[in-house]
Number of protein chains: 2
Amino acid sequence: MATPQLTPLEDKAWQGFLYLHDRLWREIEAELEGAGVSMAEYSVLALLAKAGRAGMRMSELAQRRVMSTGGFSRLTDRLQQRGLVERQRASDDGRGYVVVLTSDGRSLLRRAWRTHYAELRRLFLDRLDETDLADLARIWERLDPQWAQEHEVG
Amino acid sequence: MATPQLTPLEDKAWQGFLYLHDRLWREIEAELEGAGVSMAEYSVLALLAKAGRAGMRMSELAQRRVMSTGGFSRLTDRLQQRGLVERQRASDDGRGYVVVLTSDGRSLLRRAWRTHYAELRRLFLDRLDETDLADLARIWERLDPQWAQEHEVG
DNA sequence: GTAAGTTGCTTGCGCAAGCAACTATTCCCG
DNA sequence: CGGGAATAGTTGCTTGCGCAAGCAACTTAC
């Protein structure tokens, strides 16, 4: 049996996805270093900001960040040690924790956001138009309808 | 000054990019484990296969893989120790090496490719049509014209 | 031809993340 | 209810990677 091949278009679509993700991630992370957070940390803080006072469960955060619960437990440790985040026992489930942003966390996030936003504009948003963004959104929906549903504009 | 906000569409396009990359990477990597290579290793072998007998310079491979030269040096060590790859002194520059796939490397890659291909179909290609792929290719070009040029279909 | 600087790769060190084993709590079913 | 299975999170260990310093080979300027 002959090994199947990717068409040039398939290859380009896939390779570009891998390459550009890594490149943008690295560049934004390098800039964020000035604000004192890694991309991973930043994105957790951002999720928590959206969650507000209610906070979010460890496990859900880990899932959204696509990382193991073990790894996430340590990430939370670091944020907590720096006073950016609090663990609160979940009222409805004694096994779990709800993670909540502290006011220090909120203000660090505000600072980091400026950097993050500037880089995002420079590397991503400024280079794409509405159509491109809509195309991307449609593609992510096709690749993971479940994710898309949870990110419905409601 | 008010902090600028992302529009819902901008947010979705960006978050989906981050999330889907990580999810697909993880799932494919999990399957590749059966073939005995990580995604990072796999993609180096694949680059080398394309390069053929001529091989590729360490530095170029590191760049394409978006990793540090130090990290790549170790990655090459691992592949070389397993006999999948050879370092050959570069004839035109005594500091550098050219990395070349061995026949063992080639046959491992062939096996890994089947797995990789199946997963890629399942998670990515089967869910998108030609238009989607073309949209992606166009978007990668806009995000990094230089990369696109190097990946010209010739 | 030699000194000053650059580039290609390697190496010591530290950190962040995964896995798997463990604890504590909750759920499920007889 | 009682006891086993499932779930939430933590911890010990391992691994892969980045950073920065180092070495050797190349380049440029004088």
Side-chain angles (χ1 to χ4, degrees), chain A residues 18 21-34 36-45 48 55-82 84-100, chain B residues 18 21-23 25-34 36-45 55-82 84-100:
Chain A
L18 296 180
H21 169 91
D22 289 359
R23 194 170 83 66
L24 298 191
W25 179 282
R26 263 174 97 86
E27 292 198 32
I28 297 176
E29 177 143 288
E31 287 300 316
L32 276 181
E33 200 185 344
V37 278
S38 68
M39 270 292 271
E41 291 163 354
Y42 175 84
S43 62
V44 171
L45 296 180
L48 290 176
M56 278 179 82
R57 287 295 289 264
M58 303 275 298
S59 48
E60 183 170 1
L61 286 163
Q63 211 172 341
R64 295 225 197 186
R65 271 271 27 262
V66 192
M67 61 187 292
S68 68
T69 64
F72 189 76
S73 187
R74 256 88 177 224
L75 174 47
T76 306
D77 289 347
R78 292 192 315 267
L79 294 175
Q80 188 169 21
Q81 242 150 21
R82 296 172 58 190
L84 304 174
V85 128
E86 264 179 28
R87 273 178 172 93
Q88 294 171 358
R89 206 90 226 187
S91 53
D92 57 334
D93 183 344
R95 293 166 301 182
Y97 289 99
V98 164
V99 185
V100 187
Chain B
L18 296 180
H21 169 92
D22 289 359
R23 194 170 82 67
W25 178 283
R26 264 174 97 86
E27 291 198 33
I28 297 176
E29 177 145 288
E31 286 300 317
L32 276 181
E33 202 187 342
V37 277
S38 69
M39 271 293 269
E41 291 162 353
Y42 175 84
S43 61
V44 172
L45 296 180
M56 280 178 82
R57 289 292 291 265
M58 302 275 298
S59 49
E60 183 170 1
L61 286 163
Q63 212 172 339
R64 295 224 198 188
R65 268 271 35 259
V66 192
M67 63 188 290
S68 68
T69 62
F72 188 76
S73 189
R74 256 78 176 238
L75 174 47
T76 307
D77 289 347
R78 294 194 311 268
L79 294 174
Q80 187 170 21
Q81 240 149 23
R82 295 171 59 190
L84 304 174
V85 128
E86 262 179 29
R87 271 177 173 92
Q88 292 171 359
R89 207 90 224 187
S91 53
D92 57 335
D93 184 342
R95 294 167 298 182
Y97 288 99
V98 164
V99 185
V100 187

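Each chain gets a letter, A, B and so on, in the order its sequence line appears, and its residues count up from 1.
- For residues 59-69 of chain B, proximity to DNA chain C is found at B/Ser59, B/Thr69, defined as any non-hydrogen atom under 4.0 angstrom from a strand atom.
- Whole-Å rounding puts the B/Phe72 CZ to C/dT11 P distance at 15 Å.
- Looking at heavy-atom distances under 4.0 Å, B/Arg74 makes contact with a base.
- DNA chain D is contacted by both B/Gly70 and A/Arg95; A/Arg95 maps to the nucleotide lying nearer its 5′ end (nearest heavy atom per residue).
- Of the candidates D/dT11, D/dA8, D/dC26, the closest approach to any side-chain atom of B/Asp93 belongs to D/dC26.
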Tabulate below the donor-acceptor pairs under 3.5 Å that side-chain atoms of residues 67-75 of chain A make, not counting sequence neighbours, or state none.
{"residue": "A/Ser68", "atom": "OG", "partner": "A/Gly71", "partner atom": "N", "Å": "3.0"}

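- Residue A/Arg87 places none of its side-chain N or O atoms closer than 4.0 Å to OP1 or OP2 of D/dA8.
- If you find the closest nucleotide of DNA chain C to A/Asp92 and to B/Tyr97, the one lying nearer the 5' end belongs to B/Tyr97.
- Within 4.0 Å of A/Gly94, counting heavy atoms only, lie sugar-phosphate atoms of the nucleic acid but no base atom.
- In the helix from C/dG1-D/dC30 to C/dG30-D/dC1, the terminal helix axes, each the rotation mapping four pairs' C1' atoms onto the next four within five end pairs, subtend 30°, rounded to 10°.
- Between D/dG9, C/dT11, D/dT7, one nucleotide has an atom nearer to the side chain of B/Ser73 than all others, and that is C/dT11.
- With hydrogens and angles ignored, the 3.5 Å screen pairs no side-chain donor or acceptor of B/Arg65 with any backbone N or O of B/Glu60.
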Show, in sequence, the C-alpha distance, side-chain angles and deciding distance for A/Leu48 and A/Leu61, and conclude whether the side-chain contact (heavy atoms from CB on, under 4.5 Å) test is met. CA-CA 9 Å; A/Leu48 290 176; A/Leu61 286 163; 3.8 Å; yes
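- By the 4.0 Å N-to-carboxylate-O rule, B/Arg87 lies close enough to B/Asp77 to be salt-bridged with it.
- Across all strands, A/Arg89 comes closer than 4.0 Å to no nucleic acid atom at all (heavy-atom distances).
- Here B/Gly96 lies in heavy-atom contact (under 4.0 Å) with sugar-phosphate atoms only.
- In this structure, of C/dA24, D/dA25, D/dG9, it is D/dG9 that holds the atom nearest to the side chain of A/Arg57.
- Among the atoms of the strands shown, none is found under 4.0 Å from any heavy atom of B/Ala90.
- Spacing between atom CH2 of A/Trp25 and atom P of D/dC17 amounts to 15 Å, rounded to whole angstrom units.
- For A/Arg89 and A/Tyr97, the positive end sits near the middle of the six-membered ring, less than 6.0 Å away and at most 45° from its axis.
- Across all strands, B/Arg26 comes closer than 4.0 Å only to sugar-phosphate atoms, never to a base (heavy-atom distances).
- Atom CG of B/Leu75 and atom P of C/dT10 are 11 Å apart (whole Å).
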